[in-house]
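Every value quoted in this text rests on a predicted model; they were computed, and no experiment measured them.
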Amino acid sequence: MSPRLRACRRTDGKNIYNFAAHQGGNMLDLHLVRNEPDRVEELLRRKGFTAGIRDILELDAERRAALTEFERKRAEQKKLSKRIGALRKTGADASDLMREASELAAVIKDLEAKAERLGRELRDRLLRVPNVPDPDVPVSEDESGNVVLSVKGEPPRFDFEPKAHWDLLGEAGLLDMELGSSLAGSGFYALRGGLARLERALIDLMIRLHTERHGYEEVATPYLARDEILEGTGQLPKFADDMYRIEGSELFLIPTAEVTLANARRGKVLKEDDLPIYLCGYTPCFRREAGAAGRDTRGLIRVHQFSKVELIKIVRPEDSEAELEKLVGEACAVLDALGLHYRTVLLSTGDMTFSSAKTIDIEVYCPGVDRWLEVSSCSNCRDFQARRMMTRYKPAGGKGTRYVHILNGSGVALPRLLIALAESYQRADGSVALPEAVRPYFGGADTLPGKEAGR
RNA sequence: GGGGAGGUGGCAGAGUGGUCGAAUGCGGCGGCUUGCUAAGCCGUUGUACGGUCAAUACCGUACCGCGGGUUCGAAUCCCGCCCUUCCCGCCA
């Protein structure tokens with residue numbers, strides 16, 4: 001972790017047992033790592049994590065030994081203290097025992113510090129290990145191994161040369177890149193007139209679809225979150241440089257509402273009846289796009305701030321596989337409603353995110369730029385995030401607690417949806433036909449006017 | 001920004017520096033009683049980590065917002081932080 005981040009992080013504390021409790025737990029099931037180190041190592045290697053886990057296991061063994069030693073001494077100390085208390089109650093002299101206890105206390109202090117240090121080291125290491133991919137995820141170093149699962153609809157046909165959105169919308173005065181960059185720098189943009197309104201209309205459409213048809217609860221969360229929240233979903237500690245941080249605080253601008261929505265049940269022990277929980281919300285998303293300099297510099301394809309409707313599911317472990325399929329369908333419903341041409345893609349191990357065990361992307365075809373653009377990424381994180389944020393549930397009738405499974409998916413991301421709509425439904429005169437589904441949210445109009453009619 | 005109050009187990013709510021993992025109530029679970037319903041009675045009821053292990057079993061340690069300190073011993077005393085809430089001021 002960067003020094004600057006360390007400085008603003010809450011300390012991991014003296015709770016030497018439950019390094020999970022309040023600051024978020026380890027990501028991998030440590031028992032699984034102990035029992036099947038080779039298998040875990042192999043799965044992690046598929047995801048590009050080559051550091052190995054041998055030294056983690058060593059550290060784990062060391063920590064446990066130190067913990068046991070500490071606990072033995074501590075038990076001794078507690079007995080001594082009780083004897084002292086009993087003695088003093090009778091008025092007898094306990095000074096010998098107290099001297100003994102005092103020496104013991106000094107020893108224990110060291111033992112505790114050692115166990116604590118090892119626990120913290122172990123946790124720091126574990127937090128940087130990505131989630132293991134599902135065994136059936138195609139193995140590849142990069143996106144070349146992705147597998148197209150389905151293709152929906154037909155590419156739109158034109159009797160003229162379709163324009164890229166930056167030309168189409170720029171010429172219409174609806175997309176103002178210059179205004180955005182003059183205010184906040186390159187990578188920022190401004191939507192004007194009908195385009196700004198269209199974005200709001202689409203947000204409204206999507207949220208109504210998900211709440212009314214798919215059973216989600218709409219939640220409007222803060223756009224900033226504390227570091228421990230980001231740690232819960234997996235952006236921290238590894239990806240601090242991808243986010244905007246608020247100077248002088250522990251707050252980051254969220255890169256996605258997944259962060260705040262997935263953490264909505266943080267630290268809770270839920271009842272089985274509470275599950276599944278479906279949450280959806282609209283937020284702007286802020287991304288530094290560090291390392292992406294020079295890529296997709298034109299238009300709205302890759303920008304530092306964009307709007308997105310996000311979907312989150314908190315479910316029982318046995319349901320997460322099926323819920324991922326459902327989630328993809330719910331995100332696709334947006335594109336279906338708008339009549340867009342899209343495909344679903346199973347991401348290979350090399351293209352998945354840190355926290356995901358299995359990811360299916362939805363890519364929409366944009367004829368102006370002649371590319372498939374990702375508008376949604378649906379991931380099953382299984383218990384990876386739940387462990388970090390300590391979200392569990394109590395099985396009905398059963399004993400104990402289990403970690404929930406958490407899924408996230410965009411439902412869907414906006415600028416690229418605007419791109420797809422504009423480029424797919426553009427007319428020769430520069431105007432854009434609006435699909436029927438969006439019209440009720442756009443004052444009933446069937447057209448996004450081009451230059452002449454604009455403003 | 002200034003001042004006050006407070007953060008205890010699923011919830012509500014006690015708690016004297018020493019046998020407090022924590023009274024009590026509610027809820028939950030098991031049982032009895034009961035012709036439904038309601039009520040009553042008895043028992044039980046947290047989580048995590050570590051160890052032993054055949055074990056859903058036993059032992060140990062930790063957890064009373066988070067962290068640090070004092071002490072032989074801290075829910076209880078001291079310090080810092082976070083959060084909640086009330087009053088005042090200020091700006092929307």
Give the ring-plane orientation class for A:His214 versus A:Tyr216, where under 30° counts as parallel, over 60° as perpendicular and anything between as tilted. perpendicular
On the nucleotide B:A48, are OP1 or OP2 found under 4.0 Å from the side-chain N or O atoms that A:His31 carries? no
How far does the C1' atom of B:G10 sit from the matching atom of B:C29, given to the nearest Å? 13 Å
What is the separation between atom CZ on A:Arg388 and atom C1' on B:A48, rounded to the nearest whole Å? 19 Å
Using whole Å, report how far CD1 of A:Ile229 lies from P of B:C83. 12 Å
If you only use heavy atoms from C-beta on, which nucleotide in B:G50, B:U70, B:U47 is closest to the side chain of A:Lys394? B:U47
Going by purine N1 to pyrimidine N3 plus the second Watson-Crick contact, or the G-U wobble pair, all under 3.5 Å, which nucleotide sits opposite B:A75? none
Roughly how far apart, to the nearest Å, are B:G51 and B:A39 at atom P? 47 Å
Distance between the P atoms of B:U45 and B:C59, in whole angstroms? 13 Å
How many whole angstroms separate atom CG of A:Leu87 from atom P of B:G18? 16 Å
How far does the C1' atom of B:A55 sit from the matching atom of B:G40, given to the nearest Å? 38 Å
Phosphate OP1/OP2 of B:C83: any A:Arg226 side-chain N/O under 4.0 Å: yes
Pair partner, B:G21 [Watson-Crick or wobble, under 3.5 Å]: none
Watson-Crick or G-U wobble mate for B:U70, both contacts under 3.5 Å: none
For A:Glu41, the salt bridge (charged side-chain N to carboxylate O under 4.0 Å, His left out) test, sequence neighbours excluded, returns none
Sugar-phosphate, base or nothing in reach of A:Lys271, heavy atoms under 4.0 Å: nothing
Please state how far atom NZ in A:Lys79 lies from atom P in B:G18, giving the value in whole angstrom units. 22 Å
Between B:G10 (P) and A:Asp273 (CG): distance, integer Å: 18 Å
Pairing partner (Watson-Crick or G-U wobble, both distances under 3.5 angstrom) of B:U56: none
Taking atom P of B:C66 as reference, at what distance in whole Å does atom CD of A:Glu231 sit? 17 Å
Can you see if the side chain of A:Lys78 gets near the phosphate of B:A62 - specifically, an N or O under 4.0 Å from OP1 or OP2? yes
Quick one: look up who B:A92 pairs with, Watson-Crick or G-U, both distances under 3.5 Å, and put none if it's unpaired. none
By salt bridge (charged side-chain N to carboxylate O under 4.0 Å, His left out), A:Glu103 pairs with (sequence neighbours left out) none
Using the C1' atoms only, state how far B:U8 lies from B:A75, rounded to an integer number of Å. 7 Å
Got a list of protein N/O to nucleotides 71-76 of chain B N/O distances below 3.5 Å?
{"residue": "B:G73", "atom": "O4'", "partner": "A:Ser81", "partner atom": "OG", "Å": "3.1"}

Pick base, sugar-phosphate or nothing for A:Arg34, based on heavy-atom distances below 4.0 Å to the nucleic acid. sugar-phosphate
Stacked cation flag A:Arg200 on A:Tyr441, 6.0 angstrom / 45 deg: no
Nucleotide forming a Watson-Crick or wobble pair with B:U84, both distances under 3.5 Å: B:A5
Min side-chain heavy-atom separation A:Met389-A:Ile406 under 4.5 Å: yes
Mind checking the P distance from B:U84 to B:G27? Whole angstroms is fine. 31 Å
Would you kindly give the CD-to-P distance between A:Glu112 and B:C49, to the nearest whole Å? 19 Å
Could you tell me whether A:Glu121 and A:Arg125 make a salt bridge, using a distance below 4.0 angstrom between a side-chain N and a carboxylate O? no
Taking a pair as Watson-Crick or G-U wobble with both distances under 3.5 Å, which nucleotide is matched to B:U61? B:A48
Using the P atom on both, measure B:C72 against B:G15 and round to a whole Å. 28 Å
Does any nucleotide pair with B:C26 by Watson-Crick or G-U wobble geometry, both distances under 3.5 Å, and what is it? B:G10
Considering only the P atoms, how many Å lie between B:U16 and B:A23, rounded to the nearest integer? 15 Å
Identify, with sequence neighbours excluded, every residue that meets side chain to side chain donor-acceptor pair (under 3.5 Å) alongside A:Asp242. none
Quick one: do A:Lys358 and A:Asp134 make a salt bridge, cutoff under 4.0 Å? no
Spacing of A:Glu228 atom CD relative to B:C83 atom C1', expressed in whole Å: 11 Å
For A:Glu178, side chain to side chain donor-acceptor pair (under 3.5 Å) partners two or more places apart: none
Partner residues of A:Arg74 under the side chain to side chain donor-acceptor pair (under 3.5 Å) criterion, sequence neighbours left out: A:Gln77
Respond yes when some side-chain nitrogen or oxygen of A:Arg72 is under 4.0 Å from OP1 or OP2 of B:U61, and no when none is. no
